[in-house]
Visitor: 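Provided herewith is a single structure, encoded as C-alpha cells, for subsequent inquiry.
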Amino acid sequence: MQRVFSGIQPSGVPTLGNYLGAIRNWVPMQDTTDCIYCVVDLHAVTAFQAPAQLLAQTREMAAALIACGLSPEKCVLFVQSHVPAHAQLGWLFNCVARIGWLNRMTQFKDKAGKDREAASAGLFVYPNLMAADILAYHANVVPVGDDQRQHLELANDIAQKFNHDYGVDFFPRIEPMIQGVAARVMSLRDGTKKMSKSDPSDQSRINLNDSDDAIADKIKRAKTDPDVLPDNLAALDARPEARNLVGILAAVTGTTPEAVLAEHAGKGFGAFKPALADALVAHLAPIRAEMNHLLQDPGALDAALRRGAEKADAIAAPILARTMDIMGFLPRR
Ligand code: TYM
C-alpha cells in the first residue's frame, strides 16, 4: 500500500521553486493515492517568525496550496501544529537519531551560517521532526525537491535504527520522489543558489502572488550572460543562469529543456526573456487570482484546515500510541 506525505514551511509565500519542484507534483497524486499534505508551522519557527506574520503566512500557504489544485476533499490538508503526534514522535526520534548524523546535514550548515552557536536547537534537530512528520502516518512516498534528499535519507536511518533497536518491523522504508526538470529551480540573481522563500532579495525569486508586472520585471532583471542560446543542453553546463531559465520555461510549458532550445537556439536573452515572462504570467495569474479569492474568507479556510487536522490526527494518534507501546511506556489507558 502506498501513502504519500509532504510538507511545506509557511516561512513566506510559496515560490516558483516550491511550485515546480514540489506542489505541482502533489496535485495529480491525490487522484490515485492516499495523500497527506501539511503546512509545517513547527518547522517554520526554527527561525524567528513574527507572530502576526506566521499566522498570515500559514493561511497564505494553505490558500496557495488549494489554488494550485490541492483539494481538501481529495487529500488530507492541515497545519502541523494542530496534530500533536508530530511534536511527540519528533521528541522520540530526537532520542533515536545520533548527533553525528545531524552534524552531517548540509542544510543546517547553510542555514546556521558562520555562527552555529547562535542557531536554535530546533534548527539542529529539525530533520528528526521531519522524519516524524512522515513516519507518524507510515507514509512511504515523499514528493519533494532535490534539496530534501539528505533529510529523507536521515529519516530512513531513523526508521531503520528504531526497527533494529526494538526488534520490530514497524516503520516503513521511505521512497523520495524527486521529479523532473524543475527539482532544483535556482535563484534569478545567482544560478548556483537555489530559489528560496527566505532569500533576503525578493528579486531572486518569483512568488506565487507576484503581479504580472512584478513577474515580467523580475525576469527582465534576472541575471544572464551576453551569449545567444545554444542548440544543445550540454552547452549550458557552464551557464547556470541560462540553464535555469531554460529549465523554468520547459517546466511551465510542460516540455523539455531540449525542446525549448530547439525553439530558441540562436536567440539572445532580449528575445527569450519576454517569451519566458509571458509563459509564467499565463501559468501563474489564475493561481494568484484563486489564492486571493480564498484569502477573502479566512473562516472557511481555517475550517477546512481543522477538518484536515481531525483526519490526520485519526491516522497519526494510533501510530504514535503503538510506537510508545513498542518502547515500553506505561499505557495511558
Ligand atoms: P520547504 O518549505 O523549504 O520547501 C517545500 C518544497 O519545495 C521544494 N523546493 C524546491 N524545489 C525546487 N527548486 C527549489 N528552488 C525549491 N525550493 C524548495 C522543497 O524541496 C520541498 O519539497 N523540510 C521541508 C518541509 C518538510 C517536509 C516534511 C517535506 C517538513 N516535513 C516531510 C517532506 C516531508 C522544507 O523545508 O521544505
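Keep in mind the model is a prediction, meaning the values are calculated, not measured. Order of listing sets the numbers, starting from 1, for every ligand and every atom in it.
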Visitor: Looking at ligand 1, does any of its N/O atoms fall within less than 3.5 Å of an N/O of Lys194?
Guide: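 No: no nitrogen or oxygen of Lys194 is under 3.5 Å from one in ligand 1.
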Visitor: Could you check whether any side-chain N or O of Thr15 sits under 3.5 Å from a backbone N or O of Ile206, counting only pairs where one atom can act as donor and the other as acceptor?
Guide: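 Answer holds: no.
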Visitor: N/O to N/O below 3.5 Å, does that happen between Gln9 and ligand 1?
Guide: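 There is such a contact, yes.
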Visitor: Can you name the ring pair (Phe, Tyr, Trp, His ring centres under 6.0 Å) partners of Phe162, sequence neighbours left out?
Guide: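 With sequence neighbours excluded, Phe162 shows a ring pair (Phe, Tyr, Trp, His ring centres under 6.0 Å) to Tyr166, Phe171, given in chain and number order.
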Visitor: Could you check whether Phe269 and His264 have their ring centres less than 6.0 Å apart?
Guide: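 No, the ring centres sit 6.0 Å or more apart.
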Visitor: Nearest to atom 35 (C) of ligand 1, what protein heavy atom do you find, and at what distance?
Guide: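 Heavy-atom neighbour on the protein nearest atom 35 (C) of ligand 1: Tyr126 OH, 3.3 Å.
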Visitor: Considering residues at least two apart in sequence or located in another chain, which fulfil the ring pair (Phe, Tyr, Trp, His ring centres under 6.0 Å) criterion with Phe5?
Guide: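 Scan of Phe5 (ring pair (Phe, Tyr, Trp, His ring centres under 6.0 Å), adjacent residues dropped) gives Tyr137.
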Visitor: Quick one: which of Met177, Lys193, His43, Met130 has a heavy atom closest to atom 28 (C) of ligand 1?
Guide: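 Of the listed residues, Met130 has the closest heavy atom.
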Visitor: Taking both backbone and side-chain atoms of Met195, is any N or O found less than 3.5 Å from an N or O belonging to ligand 1?
Guide: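 There is such a contact, yes.
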Visitor: Below 4.0 Å from ligand 1: does a non-hydrogen atom of Ser196 turn up there or not?
Guide: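 False for this residue.
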Visitor: Return the OG to CG distance between Ser81 and Leu54, rounded to the nearest 0.5 Å.
Guide: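 One gets 8.0 Å once the value is rounded to the nearest 0.5 Å.
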Visitor: Any idea which protein heavy atom is nearest atom 12 (C) of ligand 1, and the distance to it?
Guide: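 Result: Ala183 O, 3.1 Å.
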Visitor: Taking the minimum heavy-atom distance to atom 37 (O) of ligand 1, which of Arg149, Arg24, Gln148 ranks first?
Guide: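 Nearest heavy atom to atom 37 (O) of ligand 1 lies in Gln148.
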Visitor: Which is closest to atom 19 (C) of ligand 1 in terms of heavy atoms, Asp147, Ile178, Val144?
Guide: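 Nearest option to atom 19 (C) of ligand 1, by heavy atoms: Asp147.
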Visitor: To which protein heavy atom is atom 22 (O) of ligand 1 closest, and what is the distance rounded to 0.1 Å?
Guide: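 Among all protein heavy atoms, the one nearest atom 22 (O) of ligand 1 is Gly145 N, 3.1 Å.
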Visitor: So is Lys197 close enough to ligand 1, meaning a heavy atom under 4.0 angstrom away?
Guide: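 Lys197 counts as a contact of ligand 1 under the 4.0 Å cut-off.
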Visitor: Under 3.5 Å, is there a donor-acceptor pair between the side chain of Asn244 and the main chain of Gly191?
Guide: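 No, because the side chain of Asn244 does not come within donor-acceptor range (under 3.5 Å) of the backbone of Gly191.
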Visitor: Within this structure, what is the CD1-CD1 distance for the pair Ile66 and Ile287, rounded to the nearest 0.5 Å?
Guide: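 One finds 13.5 Å between CD1 of Ile66 and CD1 of Ile287.
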Visitor: Just going by heavy-atom distances, which of Val39, Asn25, Ile174, Val185 is nearest to atom 13 (N) of ligand 1?
Guide: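 Among Val39, Asn25, Ile174, Val185, the closest heavy atom to atom 13 (N) of ligand 1 comes from Val185.
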Visitor: Specify whether His151 and Tyr126 have parallel, tilted or perpendicular ring planes, treating 30° as the upper limit for parallel and 60° as the lower limit for perpendicular.
Guide: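 If you compare the ring of His151 with that of Tyr126, the planes turn out tilted.
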